[in-house]
Amino acid sequence: MTPEQRRRNRIAGIILAIIVIAIFAWTFVRGSALMN
Amino acid sequence: MSSVTADHVPASHGHDDHHEMPRGWRRWLFATNHKDIGTMYLIFSFLMLLEGGTLALLLRTELFEPGLQFFQPELFNQFTTMHGLIMIFGAIMPAFVGFANWMIPLQIGASDMAFARMNNFSFWLLPVGAILFTASFFVPGGATASGWTMYAPLSLQMGPGMDFAIFAVHILGASSIMGAINIIVTILNMRAPGMTLMKMPLFCWTWLITAYLLIAVMPVLAAAVTMLLTDRHFGTAFFNAAAGGDPVLYQHVFWFFGHPEVYIMILPAFGIVSAIVPAFARKPLFGYASMVYATAAIAILSFLVWAHHMFATGMPVTGQLYFMYATMLISIPTGVKIFNWVATMWRGSLTFETPMLFAIGFIFVFTLGGFTGLIVAVAPIDIAVHDTYYVVAHFHYVLVAGSLFALFGGAYYWLPKWTGRMYDERLGKWHFWSTMISFNVTFFPMHFLGLAGMPRRYVDYAAQFTDFHQIATIGAFWFGLSQILFMYVVLKAYAGRGEPAAAKPWEGAEGLEWTVPSPAPFHTFVTPPVVK
């Protein structure tokens with residue numbers, strides 16, 4: 001694996017992890033909004 | 001798939017075999033090699049298949065006769081729930097990730113997965129989840145008995161076994177998410193030069209789309225079960241109607257995960273079948289591009305149909321009409337796939353080795369499951385057969401004859417690459433026919449049971465259902481015993497008993513994985529091949 005590949009992998013991985021956390025948080029927040 | 005030829009393939013890989021390969025238990029505990037991790041995934045998922053299968057046989061034993069024979073209703077409900085959870089999260093999903101680990105780097109010409117250490121972590125989370133599931137039987141009140149869907153308010157009233165299940169789902173979900181991130185990044189960033197997306201084998205495509213589905217819906221499940229947890233222990237009232245919450249909200253959130261989950265368990269199966277059929281028809285896959293687009297269409301539609309699981313919950317007629325027609329739309333891209341597999345076989349030089357038998361068996365029996373899916377998509381019919389054995393028959397035709405048959409076919413297809421030995425073809429065929437017949441003996445009568453009004457998840461039943469239940473129980477034990485044959489065939493190949501396998505043991509097979517020796521060396525494609 002080249003350093004450039006490693007860098008691109010890391011960026012892609014972080015973006016996907018942010019998407020996962022955002023979806024989790026959004027579901028929770030929407031659930032809270034409906035609760036009220 | 002376009003015909004892929006490698007311009008440069010590292011010759012014998014002999015030099016790759018002896019360095020950097022850890023020995024003993026360290027090789028497995030600290031594994032970062034995609035093949036080792038793939039093997040561990042496959043072994044783990046088979047063990048879970050045995051555990052989930054044992055629970056199923058306990059259920060079928062109790063149901064052999066009306067009345068209570070062996071288990072109290074509470075324990076029966078626990079078996080039902082844990083059978084579903086273990087099969088879905090412990091057996092089917094990890095098995096496909098095992099295939100992905102083994103085959104995706106080999107098929108795209110990558111040296112390994114993008115995040116090798118995270119890959120190790122993803123795997124080692126699985127035994128923790130499995131221990132939580134299994135240990136929950138031994139806590140006060142036993143395992144959760146809420147059904148695999150964990151519907152509120154029942155799940156809010158369960159004992160500590162429910163908390164075990166929630167944590168297990170969290171852990172297995174985290175493992176799946178990490179696996180999905182790894183697969184997406186590997187496919188997008190690690191392909192060999194010349195391996196464009198539209199040259200990738202369809203197995204990689206189906207897994208890429210599946211991984212996106214996982215990224216999108218596993219966090220939703222994680223949030224749903226977290227809300228259950230906070231309702232149970234931290235005073236919130238998301239789903240607790242008595243405190244102002246809404247149990248129907250749980251159903252919506254759960255099925256927003258749950259329906260795409262069905263496709264998470266079937267799209268990689270489509271990829272495996274799309275590898276096997278052209279190899280044994282000795283023809284390129286018919287309509288490669290349309291297969292890719294159909295897979296993407298199925299994935300997109302899977303987000304738009306969740307409430308067809310909730311027709312009986314109650315919804316406006318316009319809602320019923322929308323979810324009914326949207327669900328029926330899925331049959332179009334699925335039909336494209338079935339057509340393309342049949343067209344691939346049309347006028348091909350067909351041979352019927354075990355992988356091909358499982359692939360054809362998959363097409364035939366999965367299509368039956370698809371048809372019953374169309375039937376239950378019709379809201380008025382669904383309201384009549386909701387929570388009956390008709391639904392049990394439907395989803396076992398999709399998940400056993402679909403996912404499991406494809407996994408068996410894929411295992412036989414790539415076993416020579418994994419072990420370096422040809423499996424015992426005669427026993428493989430026995431395994432196929434025994435599995436195929438016993439599967440239908442088990443699940444086909446369930447259609448009749450459901451149409452006659454037999455509810456699912458019931459420990460007891462009226463005497464008129466006895467005959468079909470007894471046939472199903474006999475079939476289930478036959479099916480279970482058939483899998484011992486599979487275990488024997490695989491172990492025999494792993495033990496080195498069998499003809500040595502050539503690098504490309506199947507005449508019609510195509511793809512980079514067949515350019516490396518069998519068994520695949522510990523390191524492959526250290527120098528990326530150039531794909532023409």
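Note that the coordinates shown come from a computational prediction; the quantities given were computed from them, not determined experimentally. Below, chains carry the letters A, B, ... as their sequence lines are ordered, and counting in each starts from 1.
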Does the side chain of [X] pick up a donor-acceptor pair with the side chain of [Y] at under 3.5 Å?
| X | Y | answer |
| --- | --- | --- |
| B:H252 | B:W306 | yes |
| B:T236 | B:D231 | yes |
| B:N101 | B:N119 | yes |
| B:D112 | B:H523 | no |

- Item | Options B:L188, B:T226, B:V253, B:T230, ranked by heavy-atom pairs under 4.5 Å with chain A, top entry | B:T226

- Note on the structure: With chain A, the option among B:A243, B:A110, B:A222 that has the most non-hydrogen atom pairs under 4.5 Å is B:A222

- Message: If I measure from the heavy atoms of chain B, does A:R6 come under 4.5 Å with its side chain, its backbone, both, or neither?
- Response: neither

- Message: Heavy-atom cut-off 4.5 Å, strictly under: side chain, backbone, both or neither for A:I19 against chain B?
- Response: side chain

Examine whether an atom of [X] lies under 4.5 Å from a heavy atom of chain A, and if so say whether it belongs to the side chain, the backbone or both; otherwise answer neither.
| X | value |
| --- | --- |
| B:I177 | side chain |
| B:D246 | neither |
| B:M178 | neither |
| B:F256 | neither |

- Check step by step if ring pair (Phe, Tyr, Trp, His ring centres under 6.0 Å) holds for A:F28 and B:F238. CA-CA 10 Å; A:F28 220 94; B:F238 290 105; 5.4 Å; yes

- Item | Stepwise ring pair (Phe, Tyr, Trp, His ring centres under 6.0 Å) check, B:F254 with B:W148 | CA-CA 11 Å; B:F254 180 85; B:W148 85 277; 5.2 Å; yes

- Check for a donor-acceptor pair, side chain of A:R8 on one end and backbone N or O of B:V185 on the other, with a separation under 3.5 Å. no

- Select, from A:V20, A:T2, A:I15, the one with the greatest count of heavy-atom pairs under 4.5 Å involving chain B. A:V20

